[in-house]
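Take a look at the structure set out below.
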Amino acid sequence: MRVRATAATAALLLAALTACGGDDSGDSASKPKPAASSKEPAEPKVDCMADDVSQADWMKYCSDEGAGTGGDGTEGQLTGLKFGEEYTWPDGLKVSVVEAKKWTQFTDEDYAEDDPAYTEFRVKLKLTNGGESAVKLDDLSVIVEGATNGGEASTTGFATDSQPLEGRLATGVTATKTDDNALETKYGKKIVVTVQRSSEDFDLEFPEFEGEIVS
């Protein structure tokens, strides 16, 4: 009889504990869950000039379709710029290639002559100093390459209406400068114009402009 009484008592205790556990789970289930935050995560800041920027971030934040604040989507773009489009360096100096035009007004003062094996042409650059200090134009230089089957233009000089990259450009001033070249005719008339700039900043980038030599 003592064994039966003990078993019955244990059964009663187990039932009581089970009942208490059921009440607790019921209470927790009835408690409202905190509402999920509706605040969206902030857009990440992407340095488009960084070497370690991923391709996905570049396409989303830096490409023509999604990046830039220049209106035409070209701000910060280095390659694939067309003649007439503009590039801005960090100090505010803006540059664009206005045109590349075949040269026909040869004089005795020129460093070149009309050679059928070459296309002589003049590149016109538009420069605007949007920075806070004067810019040395001597720090700029131009490289012209053929865009069809290779080739690189050689530098020359035409005396008429020449406006070389010399002197300084004051703040807020816009000027048109010239750079004269000759490219072998076998390389065609489609070209890439790279505007270089000497600087103590070794990370400074050089924009490339694509276009064609016109008559």
Side-chain angles (χ1 to χ4, degrees), residues 72 74-75 77-131 133-202 204-215:
D72 58 359
T74 60
E75 183 169 327
Q77 182 181 340
L78 282 170
T79 60
L81 291 164
K82 305 301 181 185
F83 286 6
E85 294 180 340
E86 194 173 68
Y87 177 80
T88 305
W89 275 290
D91 65 351
L93 179 63
K94 301 177 182 180
V95 61
S96 64
V97 175
V98 179
E99 66 176 9
K101 191 171 183 178
K102 181 178 173 63
W103 189 257
T104 58
Q105 305 174 44
F106 293 97
T107 69
D108 293 337
E109 297 179 1
D110 295 340
Y111 290 100
E113 58 184 14
D114 192 2
D115 186 342
Y118 285 84
T119 300
E120 291 89 359
F121 61 98
R122 169 169 284 175
V123 174
K124 284 188 178 182
L125 303 174
K126 179 183 176 182
L127 298 158
T128 300
N129 187 357
S133 59
V135 173
K136 292 180 64 177
L137 296 180
D138 307 72
D139 289 340
L140 274 67
S141 60
V142 174
I143 293 178
V144 181
E145 299 170 298
T148 303
N149 59 333
E152 182 174 328
S154 57
T155 300
T156 186
F158 312 126
T160 305
D161 298 327
S162 177
Q163 294 289 335
L165 290 164
E166 298 173 350
R168 295 175 183 263
L169 188 66
T171 300
V173 174
T174 297
T176 299
K177 297 298 178 179
T178 61
D179 188 83
D180 301 329
N181 299 267
L183 179 68
E184 288 186 77
T185 55
K186 65 181 180 181
Y187 295 123
K189 294 186 177 181
K190 291 184 178 180
I191 57 175
V192 177
V193 178
T194 302
V195 183
Q196 296 184 322
R197 189 177 179 190
S198 62
S199 171
E200 295 180 356
D201 180 5
F202 294 105
L204 199 65
E205 303 284 0
F206 306 140
E208 298 178 358
F209 301 88
E210 299 176 356
E212 188 170 352
I213 303 169
V214 298
S215 299

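Numbers for residues simply follow the sequence, beginning at 1.
Between the CG atom of Leu81 and the OG1 atom of Thr194 there is a distance of 10.5 Å, given to the nearest 0.5 Å. Note that CZ of Phe121 and NZ of Lys101 are 14.5 Å apart. Values are rounded to the nearest 0.5 Å. Here Thr160 contributes atom OG1 and Trp103 contributes atom CH2; the two are 5.0 Å apart, rounded to the nearest 0.5 Å. Atom CZ of Arg168 sits about 9.5 Å away from atom OG of Ser133, to the nearest 0.5 Å. The CD atom of Glu152 lies 9.5 Å from the CG atom of Leu183; values are rounded to the nearest 0.5 Å.
Counting only distance, with no hydrogens or angles, the side chain of Thr128 and the backbone of Gly130 share no donor-acceptor pair below 3.5 Å. At least one donor-acceptor pair under 3.5 Å links the side chain of Asn129 to the backbone N or O of Leu169. With hydrogens and angles ignored, the 3.5 Å screen pairs a side-chain donor or acceptor of Thr178 with a backbone N or O of Gln163.
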**OP:** Let me see the working for Ile143 and Gln196 under side-chain contact (heavy atoms from CB on, under 4.5 Å), right down to the final yes or no.
**Re:** CA-CA 8 Å; Ile143 293 178; Gln196 296 184 322; 3.4 Å; yes
**OP:** Walk me through it: do Leu140 and Lys177 pass the test side-chain contact (heavy atoms from CB on, under 4.5 Å)?
**Re:** CA-CA 11 Å; Leu140 274 67; Lys177 297 298 178 179; over 6 Å; no
**OP:** Could you walk me through whether Ile191 and Asn181 pass the side-chain contact (heavy atoms from CB on, under 4.5 Å) test, one step at a time?
**Re:** CA-CA 12 Å; Ile191 57 175; Asn181 299 267; over 6 Å; no
**OP:** Apply side-chain contact (heavy atoms from CB on, under 4.5 Å) to Leu127 and Leu165, showing your working.
**Re:** CA-CA 10 Å; Leu127 298 158; Leu165 290 164; 3.8 Å; yes
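Between Asn149 and Tyr187 there is a side-chain heavy-atom pair separated by less than 4.5 Å. Contact annotation: the side chain of Phe209 approaches that of Val95 to within less than 4.5 Å [non-hydrogen atoms, C-beta and beyond]. Taking the side chain as every heavy atom from C-beta outward, Lys189 and Ser215 approach each other to under 4.5 Å. For the pair Tyr118/Glu184, a side-chain contact is recorded, criterion being any heavy-atom separation below 4.5 Å from C-beta on. Put simply, the side chain of Trp89 reaches to within 4.5 Å of the side chain of Val195, judged on heavy atoms.
Of all the heavy atoms in Asp161 and Arg122, the pair that sits closest is O-NH1, 3.3 Å. Across all their heavy atoms, Thr107 and Asp110 have their closest contact at N-OD2, 2.8 Å. Annotation for Asp180 and Phe158: closest pair OD2-N, 2.8 Å, computed over non-hydrogen atoms. Shown here for Glu86 and Ser96, the closest heavy-atom pair between the two residues is CA-CB, 4.1 Å. Contact between Glu120 and Ala112 at its shortest, heavy atoms only, is CG-CB, 4.5 Å. Residues Thr174 and Lys126 share a closest heavy-atom pair of CG2-CE, 3.8 Å.
For Asp114, the CG atom sits in a packed shell: over 12 heavy atoms of surrounding residues, nucleotides or ligands are nearer than 6.0 Å. Other residues, nucleotides and ligands contribute more than 12 heavy atoms inside 6.0 Å of the CD atom of Glu212. Counted within 6.0 Å of NZ on Lys136, heavy atoms from surrounding residues, nucleotides or ligands total 12 or fewer; the atom is thus considered open.
Results of the side-chain contact (heavy atoms from CB on, under 4.5 Å) test with Phe83 over Val214, Val98, Val123, Val193 single out Val193 as the only residue that passes.
Taking Asp115 as the reference, nothing meets the side-chain hydrogen bond (donor to acceptor under 3.5 Å, both in side chains) condition, with sequence neighbours excluded. Legend: residues meeting side-chain hydrogen bond (donor to acceptor under 3.5 Å, both in side chains) with Glu210, ordered by chain and number and at least two apart, are Lys82.
Ion pair Arg197/Asp139 not flagged as a salt bridge, since none of the NZ, NE, NH1 or NH2 atoms sits closer than 4.0 Å to an Asp/Glu carboxylate oxygen.
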